[in-house]
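As structure tokens, the structure follows; a few thoughts come after it.
Order of the sequence lines fixes the chain letters, A, B, ..., with proteins taken first and strands second; residue numbering starts at 1 for each chain. Every heavy atom of this structure was used, including side-chain atoms; hydrogens, water molecules and symmetry mates were not.
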Amino acid sequence: MDNKAIVKKEEDFAKWYTSIVRAAHLCDYSSVKGCMVIEPNGYAIWEKMQEILDKKFKELGHVNVQMPLLIPENLLKKESDLVEGFAPEVAWVTLGGSKELEERLAIRPTSETMFSDYYHTHINSYKDLPKLYNQWCNVMRWEKETRPFLRSREFLWQEGHTIHASEKEAENETKQMIEVYRWFHNEILAIPSITGLKTPKETFAGAEYTLTNEALMYNGVALQSGTSHYFGQKFSKAYDIKYTNKDNKLDYVYQTSWGTTTRMIGGLIMVHSDNYGLVLPPRIAPKQVVIVLITGNEEETNLANKYKDELLKDGISVYIDDTDKSPGFKFAEAEVNGIPVRIEIGARDLKDGKITIARRDTREKTIIPSDIDIASYVKELLEIIQNDMYQRAVERRDSLTFKAHNMKEMKEILDKQPGFIHAMWCGNEECENKIKELKGCKSRCIIQDGERIDYNCVCCGKPGKYHVIWGIQY
RNA sequence: CGAGAAGUAGCACAGCUUGGUAGUGCACCACGCUUGGGACGUGGGGGUCGCAGGUUCGAAUCCUGUCUUCUCGACCA
């Protein structure tokens, strides 16, 4: 039996999630609440995410920098909305050795302030613009309730902070980066996601507006997965980021920030995984193929090495499991770790010149000739798995997508099954608050080119100005 | 932050009521034998019982505090 039992998804989704995290060795608890040990399997996924996103960021002209971990209190206080928004969850350093600090230092919950302070002293001319900086780092937010990957006090993320000479250019950047997140979720993580505008109530502290990428988990709960903020000149005025423009006049820069986190690992689990363990889409799987030797004899070993070389040559990541565990153990272990494709080489099949290939997502096995062009066969199979996983996720999301025309319908849907609920909204925060009384249902985003579902607000019945997606969130 | 539950070996748990030598299964190590869905045999190693106080001759067990985890709710830019 497995030493890490997996709870059944249908019986208790929350416990199932945690058991997958532990069974697949993605992370473990530490002695500090909300601060996780990200284990090799989990960190490898994060590295793969970094690799793909970082390449995309750089293609779009961004460069990486590293800002300090600590922010002096006076610096953090300069932008009042930001301070207010983050105050309840900032952790402070008050001692240096045994000596009390004259000014306490915040452990960064986000780095707008540090970037702004840096830009303040480094921008003089329109020729210095734009600055397209990003950093990969850890941040800390003193959350009360924590869950592995979904909500931790310390987490890893990337935060892009850019400044521009024109409003239009900054707005284009904001839009461009939310598109990157949408692309990443749909194409790489096989998680169908929707982008839209946050309502003012849900907008990032200090931003003029926030664009968000929203995904729906298997249980119908929404997960915010990547946000991109447009700051206009709010921060540049608070932090005095001025430059001389072409007309020899002083002007403030236009600013953006955008980020996504290790929370996406939680999203991967909650969209794709099953009762046998993790299921990873091939494009994000750190190891795409495992070759399992049944007896480990010379013939099996030689063929495995040949396959490995051919697959590696084609850019497919692969490893051979030649431990002396029983075949069943190796199969189960590869499954719990979510390896997309498993090649089983055994003496029995080899006698007939055959091997067995198993795909993780469906757990189907196929017996094929051993002299097949393994690289092109596997390459095609990985693409099929990627697409099938995406299609299944789309179907699941669509089956959990509803329309509501009034509060009665809204309540009926939420009582039965949470999901994405499309409904019109008048734009009044009072209605948002009333809807929130229904099981904590909140606006996910305003769909900008969405259809008109109704003429009236789902809550108050006044003219419905916006097509909003509502849902219960993590 | 509120309500509830839990913390004993890597994992799952028993022991606690009624204080008296730290247990079981799996995992781990060695050897042997095996190998197509989590094999088997023999032997072996591993624990300040979450932490800190208290009661007691003596605490995993009783008392107080605290930390951590889980579930449900409140909160969540």
Side-chain angles (χ1 to χ4, degrees), chain A residues 1-7 11-19 21-23 25 27-36 39 76 79-90 108-110 112-113 139 141-148 150-153 157 159 198-207 209-210 212 223-224 227 229 231 257 259 261 263 276-277 292-297 300 321-337 342-352 354-358 363 365 367 433 436-437 439-440 442 472-474:
Chain A
M1 277 302 288
D2 185 8
N3 62 340
K4 299 238 199 300
I6 295 173
V7 174
E11 286 170 12
D12 190 332
F13 193 81
K15 283 191 174 161
W16 165 81
Y17 171 81
T18 310
S19 67
V21 167
R22 297 292 306 119
H25 300 284
C27 75
D28 200 359
Y29 304 101
S30 74
S31 47
V32 182
K33 182 182 170 69
C35 297
M36 311 305 296
E39 298 175 292
L76 194 66
E79 213 297 317
S80 57
D81 287 342
L82 187 84
V83 181
E84 233 172 84
F86 279 103
E89 47 189 58
V90 172
R108 62 183 166 208
T110 178
E112 272 74 14
T113 51
V139 289
R141 299 176 186 185
W142 212 253
E143 302 284 355
K144 291 168 189 161
E145 190 210 333
T146 60
R147 299 200 62 196
L150 297 177
R151 188 168 291 275
S152 44
R153 285 182 174 172
W157 77 341
E159 46 179 331
K198 282 288 184 193
T199 62
K201 179 180 158 71
E202 302 294 327
T203 295
F204 180 84
Y209 62 80
T210 292
T212 181
L223 189 70
Q224 177 178 300
T227 46
H229 316 291
F231 290 120
S257 84
T261 78
R263 180 183 247 197
Y276 297 95
V292 174
L293 305 187
I294 303 296
T295 67
N297 71 19
E300 291 177 6
D321 186 350
D322 56 0
T323 57
D324 61 0
K325 293 284 187 188
S326 72
F329 184 94
K330 295 183 199 178
F331 298 162
E333 188 171 68
E335 278 178 349
V336 81
N337 288 330
R342 185 174 73 240
I343 301 175
E344 302 171 9
I345 302 180
R348 194 188 68 196
D349 283 345
L350 282 182
K351 238 185 279 172
D352 307 326
K354 300 278 172 60
I355 54 160
T356 300
I357 294 209
R363 301 180 78 239
K365 288 193 184 195
I367 296 174
N433 290 334
K436 204 183 149 196
E437 286 170 17
K439 303 203 165 186
K442 288 165 81 172
I472 294 168
Q473 70 168 33
Y474 272 106

Would you please name every residue forming a side-chain contact (heavy atoms from CB on, under 4.5 Å) with A/R147, sequence neighbours left out?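 side-chain contact (heavy atoms from CB on, under 4.5 Å) check on A/R147 returns A/A14, A/Y17, A/T18, A/E145, A/L150, A/Y474.
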List the protein contact pattern of nucleotides 47-53 of chain B with one symbol per nucleotide (5' to 3'): B for base contact, S for sugar-phosphate-only contact, - for none; contact means a heavy-atom distance under 4.0 Å. -------
What one-letter contact string describes nucleotides 66-73 of chain B from 5' to 3', where B marks a base within less than 4.0 Å of any protein heavy atom, S marks contact via sugar-phosphate atoms alone, and - marks no contact? --SSSS--
Measure [atom1]/[X] against [atom2]/[N] and give the value in whole Å, please.
X	N	atom1	atom2	value
A/K144	B/G2	NZ	P	10 Å
A/E300	B/U35	CD	C1'	9 Å
A/E89	B/C1	CD	P	14 Å
A/E143	B/C1	CD	C1'	14 Å
A/I472	B/C76	CD1	P	15 Å
A/D349	B/G37	CG	P	12 Å
A/K436	B/A74	NZ	P	8 Å
A/E333	B/A27	CD	C1'	12 Å

I'd like the [atom1] distance from [M] over to [N], given in whole Å.
N	M	atom1	value
B/G23	B/G41	P	23 Å
B/C1	B/U8	P	24 Å
B/G20	B/C62	P	11 Å
B/U34	B/U21	P	45 Å
B/A74	B/G4	C1'	15 Å
B/A14	B/C57	C1'	29 Å
B/G50	B/G7	C1'	6 Å

Beyond-backbone contact of [X] with [Y], side-chain heavy atoms, under 4.5 angstrom:
X	Y	value
A/L82	A/T113	yes
A/W142	A/V90	no
A/I355	A/I343	yes
A/F204	A/E112	yes

Could you check whether the side chain of A/R22 and the base of B/C11 have a donor-acceptor pair of N or O atoms closer than 3.5 Å, going by distance alone?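 Between B/C11 and A/R22, which were checked side chain against base, a qualifying N/O pair under 3.5 Å is absent.
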Base B/G37 paired with A/K365 side chain (donor-acceptor, <3.5 Å):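 Pair found.
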Are A/K365 and A/E344 within salt-bridge range, i.e. N to O under 4.0 Å?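 Looking at A/E344 together with A/K365, the answer is yes, because their closest N to O distance falls below 4.0 Å.
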Please determine if A/K330 and A/E335 form a salt bridge, counting it only when a charged side-chain N lies under 4.0 Å from a carboxylate O.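 So A/K330 does not pair with A/E335 through a salt bridge.
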Closest-nucleotide ordering on RNA chain B, the 5'-leading residue of A/K354 and A/Y474: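 Final value for this comparison: A/K354.
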When the nearest nucleotide of RNA chain B is assigned to A/I355 and to A/K439 on a heavy-atom basis, which residue is associated with the more 5' position?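 Taking each residue's closest nucleotide, the earlier one in sequence belongs to A/I355.
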Surrounding [atom1] of [X] (heavy atoms of other residues, nucleotides or ligands, distance under 6.0 Å), is the total greater than 12?
X	atom1	value
A/K15	NZ	no
A/F13	CZ	yes
A/D324	CG	no

Measure from the side chain of [X], starting at C-beta and using heavy atoms only, and say which of [options] lies closest.
X	options	value
A/F331	B/C76, B/A39, B/G37	B/G37
A/K325	B/C28, B/G36, B/C76	B/C28
A/I294	B/G37, B/G36, B/C76	B/G36

Once you apply the 3.5 Å cut-off to both distances, tell me the Watson-Crick or G-U wobble partner of [N], or none.
N	answer
B/U66	B/G50
B/C40	B/G32
B/U56	none
B/A3	B/U71
B/G23	B/C13

Minimum heavy-atom distance between A/P148 and A/V21, given as atom pair plus value: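 It is CB-CG1, 4.1 Å.
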Taking only side-chain nitrogens and oxygens of A/S326, does any of them come within less than 4.0 Å of OP1 or OP2 of B/U35?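 Looking at the OP1 and OP2 atoms of B/U35, neither is under 4.0 Å from any side-chain N or O of A/S326.
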Donor-acceptor side-chain pairing of A/E143 and A/S152 below 3.5 angstrom: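 No, no side-chain donor-acceptor pair sits under 3.5 Å.
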Which part of the nucleic acid does [X] contact within heavy-atom distance under 4.0 Å: base, sugar-phosphate only, or nothing?
X	value
A/E335	base
A/A332	base
A/A347	base
A/T227	nothing

